[in-house]
Structure formats: C-alpha cells, structure tokens
Amino acid sequence: MGPIYVVGIVAVLVAAALWLWRSGAGAGRAVDEAVRKGDAEPILTAAARLPHARRSAFFQQAVSLLWDGYQRPLAIQVLKEFAKDHSSEKICQFWLRQAQEVEPLEAGKTLGKDFLKLHYRPEVAACCKKTSS
C-alpha cells in the first residue's frame with residue numbers, strides 16, 4: 001500500500017471522527033451540560049434533534065452516564081422521556097426497574113404510578129440486564 005493510500009485513509013478517518021463529534025453522536029456533552037445546570041433540558045434538546053432511530057442509543061448512553069455519575073434524579077428525568085417512546089425496549093425496562101429498586105422515592109416522585117402503569121412491564125424487566133436491547 002502506497003503512502004497516498006495511507007494519507008487518504010487517515011483523512012477519511014479524521015473526517016468521520018469530526019463529523020461524529022460535530023453531530024453530537026454521543027451524549028457526553030449534553031450530560032455534562034445537564035449536570036452543570038442541574039436540569040435534563042440539554043439532554044432532551046439534543047435527543048430531539050436526532051433521527052428517531054438514533055434516540056434510543058442516545059438516551060441509553062445519557063441515562064447510564066448520569067446513573068454511574070450518581071446523578072440519579074437527572075437520570076430518572078431522562079429515563080421518563082426515554083420510556084415515552086421506547087418502553088418496548090428491554091434496556092428501557094431494565095432502567096425502569098433499576099430506578100424503582102435503587103431510588104424508589106425519586107422514581108415514585110418523578111415517574112408516578114400512572115406513568116409506570118402505562119410504560120413499565122415487570123415481567124420483561126425481570127429478565128433484563130444493562131446490556132439488553
């Protein structure tokens with residue numbers, strides 16, 4: 001492989017990385033801003049700009065980052081929006097169960113009985129792990 005091909009491949013990889021970074025493919029920046037503001041709005045705004053097919057992965061990443069960073073109230077707020085359109089997904093059911101088991105007061109306050117009745121499927125959640133899809 002000649003040097004021209006190597007330069008071309010590197011250029012394509014750099015362009016792809018810049019495109020992904022600029023398109024906000026990851027939830028990290030929105031999560032950082034949400035934590036700084038103490039409000040889930042930056043995450044919800046970023047998710048709304050994405051095509052529907054990419055929102056689930058974005059919400060999963062955001063909830064996971066918030067949860068692992070002990071930003072549980074924000075995680076549960078984002079989870080509520082995630083569940084509105086993606087409650088049929090196992091990973092969403094995992095997080096709904098996790099929120100209720102680990103943070104029952106916050107989950108009860110933010111999600112509420114009516115919301116959970118509509119979106120939570122305990123029989124599905126019982127077989128789910130964090131890596132479920």
### Task
Report the C-alpha separation of Q60 and F94 in whole Å, then their side-chain angles, then the decisive distance to 0.1 Å, and conclude whether the side chain to side chain contact (heavy atoms under 4.5 Å, CB included) test is met.
CA-CA 11 Å; Q60 290 174 48; F94 164 81; over 6 Å; no
#### Entry: Contact list for residues 76-86, test salt bridge (Lys or Arg N to Asp or Glu O under 4.0 Å), sequence neighbours left out
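Every salt bridge (Lys or Arg N to Asp or Glu O under 4.0 Å) pair that includes a residue of residues 76-86, provided the two are not neighbours, is E81-K84.
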### Task
Any pair with a residue in residues 107-126 that passes salt bridge (Lys or Arg N to Asp or Glu O under 4.0 Å), sequence neighbours left out, goes on the list, sorted by first then second residue, please.
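Qualifying pairs, neighbours excluded: E106-K109.
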Closest non-hydrogen atom pair, [X] against [Y]:
{"X": "L74", "Y": "A34", "value": "CD1-O, 3.7 Å"}
{"X": "C92", "Y": "S87", "value": "SG-CA, 3.9 Å"}
{"X": "V78", "Y": "A62", "value": "CG1-CB, 4.3 Å"}
{"X": "F58", "Y": "G26", "value": "CE1-O, 3.7 Å"}

### ILVMFWY cluster, V102 and L65 together (side-chain gap under 4.5 Å)
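Linked, V102 and L65 end up in one cluster.
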### Task
Find out whether L116 and Q100 are in side-chain contact, i.e. whether some heavy atom of one side chain is under 4.5 Å from a heavy atom of the other.
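Contact flag for L116/Q100 side chains = yes.
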Please set out all donor-acceptor pairs under 3.5 angstrom arising from side-chain atoms of residues 41-51, sequence neighbours excluded.
unit_1, atom_1, unit_2, atom_2, d
E41, OE2, T45, OG1, 2.7
T45, OG1, E41, O, 3.0

What distance do [X] atom [atom1] and [Y] atom [atom2] have between them, rounded to the nearest 0.5 Å?
{"X": "Q61", "Y": "L66", "atom1": "CD", "atom2": "CG", "result": "10.5 Å"}
{"X": "E89", "Y": "W95", "atom1": "CD", "atom2": "CH2", "result": "14.0 Å"}
{"X": "R55", "Y": "H52", "atom1": "CZ", "atom2": "NE2", "result": "6.0 Å"}
{"X": "I91", "Y": "F82", "atom1": "CD1", "atom2": "CZ", "result": "7.0 Å"}
{"X": "Q98", "Y": "I76", "atom1": "CD", "atom2": "CD1", "result": "10.0 Å"}

#### Entry: Any donor-acceptor pair under 3.5 Å from Q93 side chain to A126 backbone
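Looks like no, no N/O pair under 3.5 Å.
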### Task
List the steps and the verdict of side chain to side chain contact (heavy atoms under 4.5 Å, CB included) for L96 and L111.
CA-CA 9 Å; L96 288 169; L111 302 175; 4.0 Å; yes
